[in-house]
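Basis for what follows: all heavy atoms, side chains included, without hydrogens, waters or symmetry-related copies. Reminder, nothing fancy here: chain letters follow the sequence lines and each chain counts from 1.
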Amino acid sequence: MSVNEAANALQQLKQRIAEYDYHYYVLDDPLVSDAEYDGLYRALVQLETAYPALITPDSPSQRVGGQALGAFDSVQHRQAMLSLNNAFADEELEAFDRRVREGLGEAEVIYAVEPKFDGLAITLTYEHGLFVQGATRGDGYTGENVTHNLNTIRAIPARLPLEHPPALLEVRGEVLMLKKDFEKLNQQQAAAGAKLFANPRNAAAGSLRQLDPNITARRPLHFFAYGLGASEGAPEIHSHAAAMHYLADLRFPVSALRAVKQGVAGLRDYYAEIGAKRSQLPFDIDGVVYKVNQFEQQQILGFVSRAPRWAVAHKFPAEEAITVVEDITVQVGRTGAITPVARLKPVFVGGVTVTNATLHNEDELRRKDIHIGDTVVVRRAGDVIPEVVSAKPELRPANARAFVMPTLCPECGSHVVRGQDEAVARCTGGLICPAQRKQAITHFASRRAMDIEGLGEKLVDQLVACNLVQHLDDVYRLSTDQLSGLERMAEKSAQNVVDAIEASKQATLPRFIYALGIRNVGEATAKDLAQHFGSLEALIGADIQALLLVNDVGPVVAEAVYQFFQENHNREVIAAMRALGVQWPDIVKKVQGILQGKTLVLTGTLPTLKRDEAQAMIEAAGGKVSGSVSAKTSYVVAGAEAGSKLEKAQLLNIPILDEAGLLALLQPEEALAVTHGIEAAVVTITPESPSQQPDLF
DNA sequence: GGGCCTCGAGATCA
DNA sequence: CTCGAGGCCC
């Protein structure tokens with residue numbers, strides 16, 4: 001056989017196998033017997049062994065195994081993979097539909113609907129028709145490259161069945177494990193004496209996080225596509241339903257349960273319909289998803305913070321189970337908050353075993369009237385934290401005891417007080433309290449704060465128990481001698497921790513502020529404060545008035561920050577840390593974007609800029625892009641075929657710009673710099689998250 | 001909150 | 001072999 005003949009034969013084999021795979025894995029309707037399939041596959045491998053040069057990445061043989069990875073690479077998403085807002089109650093669904101109708105000015109809206117798979121969201125990238133990369137959702141902007149594992153999933157096409165595939169196509173979807181495959185896998189695990197997986201979702205998640213694709217290849221993973229991401233050279237698509245149709249044509253598995261519904265009544269019907277079928281479905285779902293069908297309408301609605309306004313996940317009610325409260329203990333939080341926690345007889349609910357559930361606070365506990373020994377209903381839905389719903393008083397045993405909020409902190413013996421209008425009781429011990437001290441230290445060392453690797457909970461417990469760390473600055477006084485000798489701390493580990501502590505001395509201002517653990521100051525507020533004041537000195541010197549000027553800082557946060565720095569002790573600890581070498585570069589304040597506080601509306605087609613490009617430029621300049629024209633709109637940017645929004649702008653006397661006008665508005669400094677020969681005084685500060693466009697589908 | 005994977009290193013046993 | 005820590009997912 002000549003190389004040419006071999007290449008042809010291989011081509012044919014690949015196509016036939018892809019065809020059979022499609023029928024087997026996607027349509028669930030096998031065309032040939034397993035024996036016949038295996039024969040074809042063996043023939044392919046034989047040919048490839050004889051002509052290794054002819055092996056291509058889309059060959060079925062490349063689906064099994066491959067090299068194990070050392071670690072996962074991270075991948076920047078071209079289009080952010082955002083999460084959806086949730087609706088549980090009917091009122092929330094109605095509110096969603098109302099907002100959509102008002103935003104669009106329509107009496108009734110057409111929605112594309114589909115089940116909400118309980119798996120892991122991923123994105124697949126096809127370049128010129130070839131599957132080249134797959135990644136997890138991650139934080140929505142950056143995910144993990146799991147191409148090697150996705151390669152092993154037969155339901156994912158290795159090549160798009162198109163003669164002229166688009167240069168780029170991103171497919172969004174969910175990896176999951178079918179219920180029957182999950183059962184089978186767990187039987188195998190049991191037979192092998194291995195640990196059982198708790199539920200299909202976790203089995204799928206675990207499989208996808210394998211470094212070795214050979215293991216993943218033996219896990220029966222499935223995939224459903226539910227949307228498109230970025231694309232180049234793909235046909236123009238105007239609705240979600242059309243996108244799904246396109247994906248089905250490309251032989252992606254898409255849910256047969258998808259539908260198009262009209263108005264909120266249609267949504268309700270669909271919810272009931274799928275809810276009734278839920279237990280019979282071959283896979284787990286945790287609700288249904290509604291998306292405004294027309295892309296044009298989606299675009300008008302836009303996004304609120306991190307979620308689209310044009311879609312919502314309607315979740316099924318949380319699964320409930322019955323168990324017994326064996327004890328109620330209290331936890332002392334970082335801020336001294338005393339939280340009662342129910343210790344439950346372990347119960348399997350919502351796919352996991354629940355043993356603890358927070359009871360939030362005393363009032364909550366009284367309202368639900370939960371005693372130790374009570375039989376209770378617990379609830380858990382997806383990522384919702386387990387909760388005790390109610391007690392069954394009729395089943396209360398004679399020896400049941402009521403919970404008594406301690407008057408003294410169980411950790412340090414300080415008084416527990418509850419402010420007049422406050423729901424939470426607090427330990428007044430402050431850092432005297434070992435519980436608070438431990439959490440302050442753990443928080444200080446955590447990844448998003450000072451990022452001291454190796455300084456975890458167990459080690460901190462020991463450090464506090466031995467009194468090696470009383471205040472945060474003591475962390476910077478730790479030596480290998482002091483550390484080694486502690487539990488699970490031999491020389492090597494001790495050295496690693498000391499090295500990590502040393503490395504953390506090179507900090508940044510926002511991280512340091514966050515690490516201090518000031519009440520009500522989270523990561524975002526810490527950034528705002530750092531940005532606004534530029535240096536720690538300025539922040540320490542700020543009075544309430546000055547603090548109130550910071551973005552998103554209100555009276556509560558201002559008071560907390562002010563009080564924190566009023567405390568001599570806190571200033572001393574900070575000074576001590578700096579004396580021990582903790583440092584950070586001061587921040588050069590960002591020049592306010594030219595469009596700070598302005599809201600713009602885009603309409604029509606601009607001559608050179610794409611809509612999302614224009615939006616990115618406006619946002620980079622501090623402006624907001626809104627979908628609809630109102631009195632608050634600062635400018636309307638109108639292109640060709642601008643419609644009703646332009647009319648409304650004229651009506652409201654809102655300034656209207658064309659593309660050139662927008663560009664001129666965005667670059668006055670540049671114009672100045674050129675005409676007057678001065679340097680533009682713009683200092684850029686590396687943004688934490690890349691400015692990316694949200695998912696438009 | 002709970003479950004999963006991975007890694008390094010300490011603990012244990014032959 | 002086991003534990004602690006870190007990371008990631010919902």
[options]: which one has an atom nearest the side-chain heavy atoms of [X]?
X: A:Arg137; options: C:dC8, C:dC10, C:dA5; answer: C:dC10
X: A:Arg488; options: C:dC3, C:dG6, B:dG2; answer: C:dC3
X: A:Ile385; options: B:dC5, C:dG6, B:dG1; answer: B:dG1
X: A:Phe197; options: C:dC8, B:dG2, B:dC5; answer: B:dC5
X: A:Asn202; options: B:dA9, C:dG7, B:dC4; answer: B:dC4
X: A:Pro386; options: B:dG1, B:dC5, B:dG10; answer: B:dG1
X: A:Gln210; options: C:dG7, B:dC5, B:dG10; answer: B:dC5
X: A:Arg201; options: B:dG10, C:dC9, B:dG1; answer: C:dC9
X: A:Arg380; options: C:dA5, B:dG1, C:dC10; answer: B:dG1

[X] has an atom [atom1]; how far is it from atom [atom2] of [N], in whole Å?
X: A:Arg447; N: C:dG7; atom1: CZ; atom2: C1'; result: 7 Å
X: A:Glu487; N: C:dA5; atom1: CD; atom2: C1'; result: 15 Å
X: A:Leu196; N: B:dC5; atom1: CG; atom2: P; result: 12 Å
X: A:Arg219; N: B:dC4; atom1: CZ; atom2: P; result: 11 Å
X: A:Leu483; N: C:dA5; atom1: CG; atom2: P; result: 13 Å
X: A:Lys492; N: B:dG10; atom1: NZ; atom2: P; result: 9 Å
X: A:Leu459; N: B:dA9; atom1: CG; atom2: P; result: 15 Å
X: A:Asn145; N: C:dC8; atom1: CG; atom2: P; result: 14 Å

Return the CD to CD distance between A:Glu411 and A:Gln331, rounded to the nearest 0.5 Å.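 With rounding to 0.5 Å, CD (A:Glu411) is 9.5 Å from CD (A:Gln331).
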
Hey, does [X] reach any base, or is it just sugar-phosphate, or nothing, if we go heavy atoms under 4.0 Å?
X: A:Gly351; answer: nothing
X: A:Ala205; answer: nothing
X: A:Thr358; answer: nothing
X: A:Thr353; answer: sugar-phosphate
X: A:Gly70; answer: sugar-phosphate
X: A:Asn356; answer: sugar-phosphate
X: A:Glu144; answer: sugar-phosphate
X: A:Thr136; answer: sugar-phosphate
X: A:Ala121; answer: sugar-phosphate
X: A:Leu211; answer: sugar-phosphate

So, is A:Asn496 near the phosphate of B:dA9, with a side-chain N or O under 4.0 Å from OP1 or OP2?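 The answer is yes; a side-chain N or O of A:Asn496 sits under 4.0 Å from OP1 or OP2.
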
Short side-chain N/O contact to B:dG10 OP1/OP2 from A:Ser493, under 4.0 Å: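 Answer yes for this pair, as a side-chain N or O of A:Ser493 is under 4.0 Å from OP1 or OP2.
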
Output yes when A:Lys368 and A:Glu364 qualify as a salt bridge under the 4.0 Å nitrogen-oxygen rule, no when they do not.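 Result for this pair is yes, salt bridge flagged.
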
Answer yes or no: is there an ion pair linking A:Asp374 with A:Lys392, defined by an N-O contact shorter than 4.0 Å?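 The answer is no: the pair does not qualify as a salt bridge.
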
A:Arg426 and A:Thr335: side chain donor to acceptor below 3.5 Å: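 There is such a pair (donor and acceptor under 3.5 Å, judged by atom type) between the side chains of A:Arg426 and A:Thr335.
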
Check for me whether the distance between the ring centres of A:His314 and A:Tyr290 falls short of 6.0 Å.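 They qualify: ring centres under 6.0 Å apart.
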
Mind checking whether A:Glu174 and A:Phe223 have side chains closer than 4.5 Å, heavy atoms only?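 No - every pair of side-chain heavy atoms lies 4.5 Å or more apart.
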
Quick one: does A:Ile274's side chain get under 4.5 Å of A:Leu257's, heavy atoms only?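 They are in contact (side-chain heavy atoms under 4.5 Å apart), so the answer is yes.
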
Any donor-acceptor pair under 3.5 Å between the side chain of A:Arg209 and the base of C:dC8?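 There is none.
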
With nearest nucleotide decided by heavy atoms, which residue, A:Val352 or A:Ala71, maps closer to the 5′ end of DNA chain B?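 Nearer the 5' end of the strand: A:Val352.
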
